[in-house]
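Quick notes on the structure that follows.
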Amino acid sequence: MPELPEVETVVRGLRDSLAGRRIVSVRLGKTDFIDDPAALERELPGLRIETISRRGKFIVLGLGNGAAVGEDGSSDSALLVHLGMTGNLSPRAAAEPLLPHTHVQLALDDGRELRYTDPRRFGRMAWLPATRLAEFGARLGAEPLAVNESEFAARLAGRRAMIKALLLDQHVFAGLGNIYADESLWRARVHPRRHASSLKPQQVCRLWREVRHVLQASLRAGGSSISDFRNADGQPGWYQLRHRVYQREGKACYRCRSKIRRVIVAGRSSHFCPQCQPRPRSR
DNA sequence: CGTTGAACCTGTTTGC
DNA sequence: TGCAAACAGGTTCAAC
């Protein structure tokens, strides 16, 4: 579920209600998706949530002791939350009954709890001290909405891998996932199996524009809700109503009425129009 | 480097 | 109806 637009939607929803709140206590259920569960229990109580931001598909809760806040806005430490496929992070009244698969409860100083639920537990959670924060950011690729055209092209230059694989690779661009990769490629008329190095500069430029277009349009829609994505307020997004190829196998292309096809590329279902997105010459 | 397949989990949908 | 297979927004690792 959660790619850049969904994660950003969650972050924006959390920002107002969470900023300035202090974590009072930590309660953990299943912990196999947490890097170091003991560190959460040891470090989080007493810390204040100072910032709520996003890096790639990670939610970053910037934490501090509330006393001496760094002037530069940097935090003493951070709690990273990756929603995986089915993760959900939202504040609830402490009295509210727990939803199934609730694995983390962070009690806040205003009587609420920040709860993390995740049926499949493909998500991740980790507490990082400031010293490890920089390396975390450095390991991730560029923010697709922050790169300009030439930076975008530079990231693909000299890469012989299939374009779909590179769009999904979080070390290249951080935040794109299966939905928005397919939607961007359809808009740019590029076949998912095209090798990046075979794309003409004009096609790379087009792809850069369409990636931005799709992400921004989805952001305005509050993301895509395929089955279970909900923002921090429990509301679904509606960008799924705008999908042009994703999960539209066998249906008519919005441009040329050809039947949308689905193939596996980079191990993931990939939807494309065989007419609008001609397959590469050979391999 | 690049590609594939499996693994990690649970839930829902599809097909025989 | 019932059961098995396929599939799902993600990442990581081993093997070739």
Side-chain angles (χ1 to χ4, degrees), chain A residues 1-11 29-35 54-59 80-89 99-104 116-126 136 139-141 144 155-185 192-199 211 214-215 218-219 221-231 236-250 261-271 280 282-283:
Chain A
M1 154 218 87
E3 305 179 31
L4 188 153
E6 290 76 33
V7 179
E8 181 65 27
T9 296
V10 170
V11 163
K30 290 186 177 175
T31 58
D32 54 357
F33 63 98
I34 303 175
D35 281 14
R54 176 192 62 75
R55 178 73 176 93
K57 296 173 189 170
F58 286 88
I59 297 166
L80 302 184
V81 182
H82 193 300
L83 300 175
M85 295 275 248
T86 52
N88 180 278
L89 187 68
L99 292 170
H101 308 291
T102 298
H103 305 303
V104 178
Y116 180 76
T117 63
D118 188 354
R120 293 178 74 178
R121 303 201 302 286
F122 279 5
R124 258 185 69 195
M125 207 173 284
F136 153 75
R139 288 168 42 86
L140 286 175
R155 293 236 157 214
L156 298 177
R159 298 295 300 262
R160 264 170 266 195
M162 291 178 279
I163 186 63
K164 167 96 184 231
L166 292 176
L167 291 179
L168 291 179
D169 186 343
Q170 301 298 297
H171 302 291
V172 180
F173 300 110
L176 285 173
N178 210 30
I179 295 176
Y180 301 108
D182 280 4
E183 294 295 318
S184 302
L185 288 167
R193 284 199 172 126
R194 282 289 298 275
H195 292 260
S197 54
S198 81
L199 294 173
V211 164
V214 164
L215 293 178
S218 179
L219 225 29
S224 302
S225 293
I226 301 299
S227 68
D228 51 17
F229 169 67
R230 295 295 182 274
N231 66 20
W238 51 266
Y239 195 71
Q240 68 281 1
L241 303 174
R242 295 249 81 98
H243 291 175
R244 288 304 182 244
V245 278
Y246 183 75
Q247 289 192 340
R248 295 197 64 249
E249 182 183 16
R261 297 231 299 132
R262 180 175 75 93
V263 296
I264 302 299
V265 182
R268 311 292 301 279
S269 273
S270 299
H271 312 77
S282 58
R283 51 156 294 129

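Quick note on labels: first sequence line is chain A, next is B, and so on, each numbered from 1. As a basis for the values below, the full set of heavy atoms in this structure was taken, side chains included, without hydrogen atoms, waters or symmetry mates.
A:Arg244 pairs by the side-chain contact (heavy atoms from CB on, under 4.5 Å) definition with A:Glu183, A:Trp186, A:Arg242, A:Tyr254, not counting sequence neighbours. Remark: A:Asp35 engages A:Arg124 in a side chain to side chain donor-acceptor pair (under 3.5 Å) (not counting sequence neighbours). Partners of A:His243 under the side chain to side chain donor-acceptor pair (under 3.5 Å) rule, at least two apart in sequence or in another chain, are A:Ser224.
Distance check, rounded to the nearest 0.5 Å: CD1 of A:Ile59 to CD of A:Glu8 gives 10.0 Å.
Ranking C:dA8, C:dG10, B:dC9 by closeness to the A:Glu3 side chain, first place goes to C:dG10. Which of C:dG10, B:dT3, B:dT10 sits closest to the side chain of A:His101 comes down to B:dT10. Counting only heavy atoms from C-beta on, A:Pro2 has its side chain closest to C:dG10 among C:dG10, B:dC9, B:dG2.
If you check every strand for non-hydrogen atoms under 4.0 Å, A:Arg193 touches nothing. Residue contacts for A:Tyr246: at a heavy-atom cut-off of 4.0 Å it reaches the sugar-phosphate backbone alone, with no base atom in range. When heavy atoms are screened at a 4.0 angstrom cut-off, A:Gly177 is found touching the sugar-phosphate backbone but no base atom. As judged by a 4.0 angstrom heavy-atom cut-off over every strand, A:Ser269 is placed among residues touching the sugar-phosphate backbone only.
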Does the pair A:Leu156 and A:Phe173 meet the rule for a side-chain contact (heavy atoms from CB on, under 4.5 Å), with working shown? CA-CA 10 Å; A:Leu156 298 177; A:Phe173 300 110; 4.0 Å; yes
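Side chain of A:Thr86 to main chain of A:Arg120: a donor-acceptor pair is present (N/O by atom type, distance under 3.5 Å, no hydrogens or angles). A donor-acceptor contact shorter than 3.5 Å links the side chain of A:Lys57 to the backbone of A:Leu176. Within the 3.5 Å criterion, the main-chain N or O of A:His101 finds a donor-acceptor partner in the side chain of A:His103. Judged by distance alone, with hydrogens and angles left aside, the side-chain atoms of A:Ser225 form a donor-acceptor pair with the main-chain N or O of A:Gly237 at under 3.5 Å. Put simply, the side chain of A:Glu6 never gets that close to the backbone of A:Phe229: no donor and acceptor are under 3.5 Å apart.
The separation of C:dA8 from B:dT3, taken at their C1' atoms, amounts to 22 Å, rounded to a whole angstrom. Atom name P, nucleotides B:dA6 and C:dA5: the rounded distance is 15 Å, in whole Å.
For A:Leu168 and B:dT3, the CG to P distance is 12 Å, given to the nearest whole Å. Taking atom CG of residue A:Leu167 and atom P of nucleotide C:dT11, one finds them 13 Å apart after rounding to whole Å. A straight line from CD of A:Gln170 to C1' of C:dT12 spans 12 Å, rounded to a whole angstrom. Between A:His195 atom NE2 and B:dG2 atom P there is a gap of 10 Å when expressed in whole angstrom units. One interatomic measurement links the two molecules: CG of A:Asp32 to C1' of C:dT12, which rounds to 15 Å at whole-angstrom precision. Per the geometry, CG belonging to A:Asp169 stands 12 Å off C1' belonging to B:dC1, to the nearest Å. One can place CZ of A:Arg262 at 13 Å from C1' of B:dT13, the figure rounded to the nearest angstrom. Rounded to whole angstrom, the span from the CG atom of A:Leu176 across to the C1' atom of C:dT11 amounts to 15 Å.
Contact between the side-chain N/O atoms of A:His82 and the OP1/OP2 oxygens of C:dG10 is not found at any separation under 4.0 Å. Between A:Lys30 and B:dC9 there is no side-chain polar atom (N or O) within less than 4.0 angstrom of OP1 or OP2.
Relative ring orientation between A:Phe58 and A:Phe136 is described as perpendicular, the plane-to-plane angle rising above 60° on a 0-90° scale split at 30° and 60°.
Checked by atom type, the side-chain pair A:Ser269/A:Arg262 shows a donor-acceptor distance below 3.5 Å.
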List, with names and distances, any nitrogen or oxygen atoms from the protein found under 3.5 Å away from nitrogen or oxygen atoms belonging to nucleotides 13-16 of chain C.
none

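A side-chain contact (heavy atoms from CB on, under 4.5 Å) with A:Pro144 is found for one member of A:Val214, A:Leu167, A:Leu4 and no other, namely A:Leu4.
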Give the dot-bracket string for DNA chain B, reading 5' to 3', where a pair is Watson-Crick or G-U wobble with both distances under 3.5 Å, ( ) marks pairs inside the strand, [ ] marks pairs crossing earlier ones, | marks a partner on another strand, and . marks unpaired. .|||||||.|||||||
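Listed by residue number, the members of residues 118-126 of chain A with any heavy atom below 4.0 angstrom from DNA chain B are A:Pro119, A:Arg120, A:Arg121, A:Phe122.
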